[in-house]
Amino acid sequence: MSTNQRLAEQLSEIAKLLEVTGANSFRANANSRAARAIEDMTEDIATYADDREALLEIDGIGAKIADKIIEFIKTGKIEEREQLLREVPAGVLEVLRTPGVGPKTARALWQGKGVESIADLKRIIDDGSILEVPRMGKKTVENIKKALEFAEASGGRTPLGVAAPLAVEFAERMQKVKGVERVGVAGSLRRGRDTIGDIDILVATKDGETAGEAFRSMPEVMQVLAAGATKSSVRVSLEGPIKAETRGKSDEETKAPPAVATMQVDLRVVAPESFGAALLYFTGSKEHNIRLRERALKRELTLNEYGLFPLDDEKSPPQSRGVKPVAAATEEEIYEKLELPWIPPELREDRGEMDLTPEDPPALITLEDIRAELHAHTTASDGAMSIEELARAAKELGFHTIAVTDHSKSQTIANGLSKDRLLKHIDAIREADETVKGIRILAGSEVDILADGKLDYDDATLEKLDIVVASPHWALKQDPKAATERLLRAVRHPLVHILGHATGRLVGRREGLAPDIGAIAEAAAECGTALEINAHWMRLDLRDIHVRTALEAGATIAINCDVHGMGDFDNLRYGVTTGRRGWLTADRCVNSWSAKKLHGWLKSKRESASTA
DNA sequence: GCCGTTTTCGGCCCGACTGTTTTCAGTCG
C-alpha cells in the first residue's frame, strides 16, 4: 500500500472513530474529506514533509490536518488516532462497516453490550441479548444478520465489467414495463468507476406500483430489501463467480477469483417531468451533488432530486407545496441555470469540474474516436485468434491499424516467443499485412519489463519491430522506489513506444505496483512514450487519477484492449470511460490519431533512437 | 475541522425508507 493510501486510511479511521464517540459530525467529516483528497493525489504525500504551506493549499486540508499529515510522514503514526483507539476498540470499526449499522448503533452495541468485534456481534445475535439494545427489534436484527452473511460471501464492490451488463439487462427489461416512459442507469456505474457498490436504475413513470412490482419480481432477485412507493432495493445473484478468462495467464490471475455472488440493485421511480433532476441526483457523486447544492444556494436556489427551485423561507420541501421548479426535466437545463456546462458523468467527482465554464465545455474522448488497437495477442502466444482473424476483426470495427504484440520469451506460461520464434512471427505478420487489405498490421511485441527494468529482448531484436509495448508481469510486489526505477528505465528506453498496464493491478484482487506516476509521466512526456490504459475491466490500469496526472505532465495516452479473443474488443468502452474520468481528449490519445500521424509517431521514435 | 461573491465566526445538502416508535431516530446515498 502506498503512503498516500495508508495516510488516507488513517484519517478516514479518525473520522469513523470520531463519529462513534459522538464528536461534532463536521469535524469527522473534515477528516473524511481530507482522506479523500489524499487518496486522489498521485504524487507521494511524503514529498510534503517539509512544506506545510503547500499542504494548506490543498482543498479540504487546514492547519490541524496539515499537522497530522506531517506527523504521519515523520513518525508513521497520528497521535490523535492512537488516542481514539485507546478509547474505542478497533473492532468497533469492523462492526461499523456492516451495512445498516451506523455510528449510533455501533456505539450503542459497544457501550451497552460490550460488542468489540464482529464475533461479539454474532454472539449477542445468537443468544438474543442484542434485543436489549435500544431501538433494536427483530427486523433490524434480521437485517444485520443478512448483511453479515452477505459481507462474508462477497468481496464488497463488483467490477465495472461484471455490473454493467447486468445493469443494461435490468434497464432493458424495465423499459418494456407498462407505463414506463424513460429508463436510466445512474450511480457510480454511469460515472464509470472501476468498481460498483450497487446498481441504480431510474425509471420515469406515473405508475410506480407496476414498475416496482416488475422490478422486484425479476428472476435474479434473491431478496427484497426495500419496497417503497418511489424506491425498491433488491439483492440479485450474479451468474456464478466472475468468469475470468485464464488464457494461460502467468501469475495470480489463474488462481480462483473471489466469488462476487450477489449485488444490490436499487430502483428509483420518478415523475417524467423531474427525470433530469433525479438522474443528476442519483448519478452523484455525493461530493459533486454537495457542490451543486452549495452553488444553488449561492444563487438563491435549492436543488433536490425533484428539481432546482427558488429558495424561500418555508421549511417544507418546495415540490410538496406545488412550487414550480426553475429546471427539472433535463440535466442540461439544471447545469445551465447553475452557470455550468453539462458535465459528463465521468467528471462528477468533485475533482475540479466545478471550475468548468459554459463557454469552455469539456470535450472528452469518445468510443468513436478510437481508430487503432495497439496491443493484441494471437495464437502464437496466448491469444485465441490468428493474425488474419485478428486483423479482420479490427477492420470490421473500422480501425485503420492493428498491432500484433505477442508475449516475449520470459512469459513461458503464456507461450511467450523466443527470439527465433519472434523473427518468424514478424515474417508471418508482414505476409498477413499483404493479404488483408484495408488495414495496416503492425509487427510488435508486448515485451516484459524484467524486475530490474531491463527488457526481455535485446535491442537488435526490438529494432526489427514496428511497435514495442513494454509491460510489467512479474515482481509486482516490489517496493515503490524499485518499481519507479524499473518503469522509468522502460519508459526512457528509446525502442519502447508504449508502457503497458503500468501497475499490473487487478481490480479488487491484486494491488500491483505503486510507482511514482508523476515521475513516470514526466519521463514519458519527455521521451514521447505513451502510457497505456489497459481497457480490460479486470485491469483498468492506468487508473483514472493516473491518467489525469499523465496528461498534466504532458504525456500521451494509449487505450488498448489487450486483445486475446474476439470478445475483448468489447472492453474498449471501459478503457475510454477510464480515459474520460482522467479528462482525456482525443488529441492526446494515440489510438485516436489518423494512420499517418500514428505511424509517423511510431517511426519518429525509431529515428530519434538511431540518431541518439 | 474547514472555509469565505453576504461570514475570520458561524455556518456546514437533502430526502426516502425502515423499524421502532406513537412522532421520529438512524442509515443510506
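Residue numbers begin at 1 in each chain, while the letters A, B, ... track the order of the sequences.
- For A:Arg235, the CZ atom is densely surrounded, since the number of other residues' heavy atoms within 6.0 Å is greater than 12.
- Within 4.0 Å (heavy atoms only), A:Asp266 reaches no atom of the nucleic acid at all.
- Within the nucleic acid shown, A:Pro317 comes within 4.0 Å of sugar-phosphate atoms alone, with no base atom in reach, counting heavy atoms only.
- Between A:Lys298 and A:Gly100, the residue anchored closer to the 5' end of DNA chain B is A:Lys298, taking for each the nucleotide with the nearest heavy atom.
- Minimum heavy-atom separation, A:Arg27 to A:Glu80: NH2-OE2, 3.2 Å.
- Using a 4.0 Å heavy-atom cutoff across all strands shown, A:Asn289 reaches no nucleic acid atom at all.
- No engagement by A:Ser233 is indicated, since no non-hydrogen atom pair under 4.0 Å with the nucleic acid exists.
- Backbone-only engagement by A:Tyr306 is indicated by non-hydrogen atom pairs under 4.0 Å involving sugar-phosphate atoms exclusively.
- In this structure, A:Ala34 reaches neither bases nor backbone, as no heavy-atom distance under 4.0 Å exists between it and the strands shown.
- Shown here is A:Lys113, whose NZ atom has more than 12 heavy atoms of other residues, nucleotides or ligands within 6.0 Å.
- The residue A:Ile61 sits close only to the backbone: its heavy atoms come under 4.0 Å of sugar-phosphate atoms, none of a base.
- Counting any heavy atom pair closer than 4.0 Å across all strands shown, A:Ala296 reaches no nucleic acid atom.
- Between A:Asn304 and A:Gly102, the residue anchored nearer the 5' end of DNA chain B, judged by the nucleotide with its closest heavy atom, is A:Asn304.
- Using a 4.0 Å heavy-atom cutoff across all strands shown, A:Ser25 reaches no nucleic acid atom at all.
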